[in-house]
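To start, I am sharing the structure in question, which I have written as structure tokens.
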Amino acid sequence: MMNIAFSTDDNYALPTYVAAVSVIKHNVDAKIDFFILTQGLSKENEDLLSSLKKHGNDVSVQILKIEETVFKDFPIRKSDHVSIATYFRLFLPRILEPNVDRILYLDGDLICVDNLNSFYGADISNYALSAVHDERNDDLEIFERLKYDFKNGYFGAGVILINLKYWRENFIQEKCFDYIKNNPTACKWHDQDALNAVLNGKILWADFRYNFTQGFFFRKDDLLISKEYHDEIEEAKKSPCILHFSSNYKPWHHECNHPLKDLYRDFWKEATGKNIALVHKLKDTDLLKWRIKKILNALGIKNYADFRKPE
């Protein structure tokens, strides 16, 4: 059995649906209980996510509403590309039944392309969670800002296998809430920073294939991660399990430069029965600048990261 959680709103309901279908497709023998955390969804999107049950023989869906008032002290800045939904995962120990002792939290901008059994079944009895080293795992700015030892590493919170029993016994939710309230400017990456600050040293590190983010496809020397992980990243690239489209530009954006964006778009059509509707992330002057950069890059006049090629 697998317990899987997503956080979403109306803007992200369809990508979340696609991500969930990908989990079902590649874990056909598992009983899967989905928990959808939200502040509220339209009837159409509630029906869409509830219909996940039709994709598997033993799939259940619970849509759990989080009250808005608890987020008054949580920092979301105008320049951020996330919504308040990013904090919902912190509520999992409180809103799930006590007999649910582990859950896999997934962001909505990913697809599962292989079986999750090995990752989900990891022995996390002595750990707060299992996660993958982030692309910025060795960025000293992070450790100076969050004030903990860089030797403990830094994980991306978009894919985390949570030991709910540990969280309840050690009041992790409350500690994270206190950290966010008392260190709002330190939480540049929101609850991900709070989780790393509170849980560093209590992480079971997972194979990179279980959260293979976009940057790992490109020059690893451009990443803020030690060379000691480069071989592991290369090996994971051969058979990733979770493809995380972690850039600001998603596969539904014209600007997306992910090398496997077409794989995502093909799966979107398979899951929904419709072609993905591409839109521009950038607007007005920013879009014009992006188009000029694209031309200059294509002509070889100047190279831009937005149009870089994978290794």
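Computed over heavy atoms, backbone and side chain alike; hydrogens, waters and symmetry mates excluded. Nothing here was measured: the structure is a model prediction, and the numbers come from that model.
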Practice item. Step by step, work out the side-chain hydrogen bond (donor to acceptor under 3.5 Å, both in side chains) result for Y154 and D138. Key: CA-CA 8 Å; Y154 182 82; D138 295 280; over 6 Å; no
Review point. Does atom NZ of K202 have more than 12 heavy-atom neighbours from other groups under 6.0 Å away?
Key: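 Yes, NZ of K202 has more than 12 neighbouring heavy atoms, counting only those of other groups under 6.0 Å.
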For residues 128-135, which side-chain donor-acceptor pairs fall under 3.5 Å, sequence neighbours excluded?
from: S130; atom 1: OG; to: L204; atom 2: O; distance (Å): 2.9
from: H133; atom 1: ND1; to: N137; atom 2: OD1; distance (Å): 2.8
from: D134; atom 1: OD1; to: R136; atom 2: NH2; distance (Å): 3.4
from: D134; atom 1: OD2; to: R136; atom 2: N; distance (Å): 2.9
from: D134; atom 1: OD2; to: R136; atom 2: NE; distance (Å): 2.8
from: D134; atom 1: OD2; to: R136; atom 2: NH2; distance (Å): 3.2
from: E135; atom 1: OE2; to: T213; atom 2: OG1; distance (Å): 2.6
from: E135; atom 1: OE2; to: G215; atom 2: N; distance (Å): 2.8

Check your understanding: In chain order, what residues pass the side-chain contact (heavy atoms from CB on, under 4.5 Å) check against D266, with sequence neighbours excluded?
Key ->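 With neighbours one apart ignored, the set is empty.
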**Study point:** ILVMFWY cluster, W205 and F208 together (side-chain gap under 4.5 Å)
**Key:** no
Practice item. Give a yes or no answer on whether the side chain of S22 reaches the backbone of A19 with a donor-acceptor pair at less than 3.5 Å. Key: yes
Review point. Applying the 4.5 Å side-chain criterion to the ILVMFWY set and letting contacts propagate, would I66 and L195 be lumped into a single cluster?
Key: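 Yes, because I66 and L195 connect within a single hydrophobic cluster, where side-chain heavy atoms sit under 4.5 Å apart.
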Check your understanding: Given the rule in the ring pair (Phe, Tyr, Trp, His ring centres under 6.0 Å) test, do F6 and Y12 qualify, once you have shown the distances and angles that lead to the verdict?
Key -> CA-CA 10 Å; F6 289 96; Y12 242 74; over 10 Å; no
Point to revise | Results of side-chain contact (heavy atoms from CB on, under 4.5 Å) for H26 - residues two or more places apart only | key: C112
Practice item. Kindly give the cluster partners of L296, where membership spreads through any ILVMFWY side chain lying under 4.5 Å from a current member. Key: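 So far as hydrophobic clustering goes, L296 is joined with Y249, L282, L287, L288, W290, I292, I295, L299, I301, Y304, F307.
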Exercise for review: State the CD-SG distance between Q192 and C176, to the nearest 0.5 angstrom.
Suggested key: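 Going from CD on Q192 over to SG on C176, the span is 12.0 Å.
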Check your understanding: Where do F245 and I111 come nearest, in terms of heavy atoms and distance?
Key -> CE1-CG1, 4.0 Å
**Study point:** Electrostatic pair D101:R168 at N-O distance under 4.0 angstrom
**Key:**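 Not counted as a salt bridge, because no side-chain N and carboxylate O are separated by less than 4.0 Å.
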Exercise for review: Grab the two heavy atoms, one from L90 and one from I180, that are nearest each other, plus how far apart they are.
Suggested key: CD1-CD1, 3.8 Å
Revision key, fill the gap. d(S246 OG, F212 CZ) to nearest 0.5 Å is 10.5 Å
Review point. For the side chain of T8 and the backbone of T16, is there at least one donor-acceptor N/O pair under 3.5 Å apart?
Key: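 Looks like no, no N/O pair under 3.5 Å.
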Review point. From T272 OG1 over to N275 CG, what is the distance, rounded to the nearest 0.5 angstrom?
Key: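 It is 8.0 Å, given to the nearest 0.5 Å.
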Review point. Are Y105 and I124 connected in the hydrophobic side-chain network, where two residues link if heavy atoms are under 4.5 Å apart?
Key: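 No.
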Practice item. Only counting residues at least two apart or in another chain, list the ones meeting side-chain contact (heavy atoms from CB on, under 4.5 Å) with N200. Key: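 side-chain contact (heavy atoms from CB on, under 4.5 Å) check on N200 returns Y148, N152.
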Review point. Closest approach of I32 and V23, non-hydrogen atoms and distance?
Key: CD1-CG1, 4.1 Å
Exercise for review: Would you confirm whether R102, through its side chain, and N163, through its main-chain N or O, come within 3.5 Å as a donor-acceptor pair?
Suggested key: no
Point to revise | Distance (rounded to the nearest 0.5 Å) between F35 CZ and I103 CD1 | key: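 That separation rounds to 5.5 Å.
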Review point. In terms of side-chain geometry, is the basic nitrogen of E46 or K43 positioned less than 4.0 Å from the acidic oxygen of its partner?
Key: no
Practice item. State the CG-CG distance between N183 and L146, to the nearest 0.5 angstrom. Key: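 That separation rounds to 8.5 Å.
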Exercise for review: List in chain and number order the residues that pass ring-ring contact (aromatic ring centres under 6.0 Å, His included) with F34, two or more places apart in sequence or in another chain; answer none if no residue qualifies.
Suggested key: none
Check your understanding: Apart from M1 itself, which Ile, Leu, Val, Met, Phe, Trp or Tyr residues share its cluster (side-chain heavy atoms under 4.5 Å, direct or through members)?
Key -> none
Point to revise | Inter- and intrachain pairs under salt bridge (Lys or Arg N to Asp or Glu O under 4.0 Å), touching residues 154-163, at least two apart | key: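 As it turns out, there is no salt bridge (Lys or Arg N to Asp or Glu O under 4.0 Å) pair with a partner in residues 154-163 once direct neighbours are skipped.
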Exercise for review: Starting from F171, walk the hydrophobic network (Ile, Leu, Val, Met, Phe, Trp, Tyr; side-chain heavy atoms closer than 4.5 Å) and list everyone else you reach, by chain and number.
Suggested key: none
Exercise for review: Check whether any side-chain N or O of K250 sits under 3.5 Å from a backbone N or O of S247 as a donor-acceptor pair, and report yes or no.
Suggested key: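 Looks like yes, one N/O pair under 3.5 Å.
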Exercise for review: Give the intermediate values and the outcome of salt bridge (Lys or Arg N to Asp or Glu O under 4.0 Å) for residues D286 and K281.
Suggested key: CA-CA 9 Å; D286 289 333; K281 168 80 171 181; over 6 Å; no
Check your understanding: Quick one: does K175's side chain have a donor or acceptor within less than 3.5 Å of a partner on N170's backbone?
Key ->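 Such a contact is found between K175 side chain and N170 backbone.
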Hey, can you pull the donor-acceptor pairs under 3.5 Å for the side chains in residues 221-232, sequence neighbours left out?
from: D221; atom 1: OD1; to: K227; atom 2: NZ; distance (Å): 2.9
from: D222; atom 1: OD1; to: R219; atom 2: NE; distance (Å): 3.4
from: D222; atom 1: OD1; to: R219; atom 2: NH2; distance (Å): 3.4
from: D222; atom 1: OD2; to: R219; atom 2: NE; distance (Å): 3.3
from: S226; atom 1: OG; to: E228; atom 2: N; distance (Å): 3.2

Practice item. State whether K53 and D58 are salt-bridged, where the test is any N-O pair (Lys NZ or Arg NE/NH1/NH2 against Asp/Glu carboxylate O) under 4.0 Å. Key: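 Salt bridge between K53 and D58, a charged N being under 4.0 Å from a carboxylate O: no.
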Check your understanding: Going hydrophobic residue to hydrophobic residue with side-chain gaps under 4.5 angstrom, can you get from L110 over to W189?
Key ->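 No, because L110 and W189 fall into different hydrophobic clusters, even though each may have its own neighbours under 4.5 Å.
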Practice item. Look at the side chain of D33 and the backbone N and O of N3, then say whether any donor-acceptor pair between them is shorter than 3.5 Å. Key: no
Revision key, fill the gap. Residue pairs meeting side-chain hydrogen bond (donor to acceptor under 3.5 Å, both in side chains), one or both in residues 252-261, sequence neighbours left out, come to E255-H280
Check your understanding: For the residue pair P259 and F218, what are the closest heavy atoms and their distance?
Key ->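 Result for this residue pair: CD-CZ, 3.9 Å.
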Check your understanding: Do Y166 and Y127 pass the ring pair (Phe, Tyr, Trp, His ring centres under 6.0 Å) test, and can you show the C-alpha distance, the side-chain angles, and the key distance before you say yes or no?
Key -> CA-CA 7 Å; Y166 182 103; Y127 299 92; 8.7 Å; no
Review point. To the nearest 0.5 Å, how far apart are CG in N27 and CG in N117?
Key: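 N27 CG to N117 CG: 6.0 Å, rounded to 0.5 Å.
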Review point. Is it true that K293 and D306 have a side-chain N and a carboxylate O under 4.0 angstrom from each other?
Key: no
Practice item. Please list, chain by chain and in numerical order, all residues satisfying side-chain contact (heavy atoms from CB on, under 4.5 Å) with E235, sequence neighbours excluded. Key: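 Checked E235 against side-chain contact (heavy atoms from CB on, under 4.5 Å); matches are K238.
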**Study point:** Side chain proximity check, I172 to P93, heavy atoms < 4.5 angstrom
**Key:**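 Sidechains of P93 and I172: no contact.
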**Study point:** Trace of the side chain to side chain contact (heavy atoms under 4.5 Å, CB included) decision for R94 with F91
**Key:** CA-CA 5 Å; R94 178 188 296 179; F91 284 82; 3.9 Å; yes
Point to revise | Polar side chain donor-acceptor pair, S42 to N45, under 3.5 angstrom | key: yes
Point to revise | Where L48 and A13 come nearest, the two heavy atoms and their spacing | key: CD2-O, 4.3 Å
Check your understanding: Which heavy atom in R145 sits nearest to a heavy atom in D193, and how many Å separate them?
Key -> NH1-OD2, 2.6 Å
Point to revise | Donor-acceptor side-chain pairing of Y210 and H244 below 3.5 angstrom | key: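 No.
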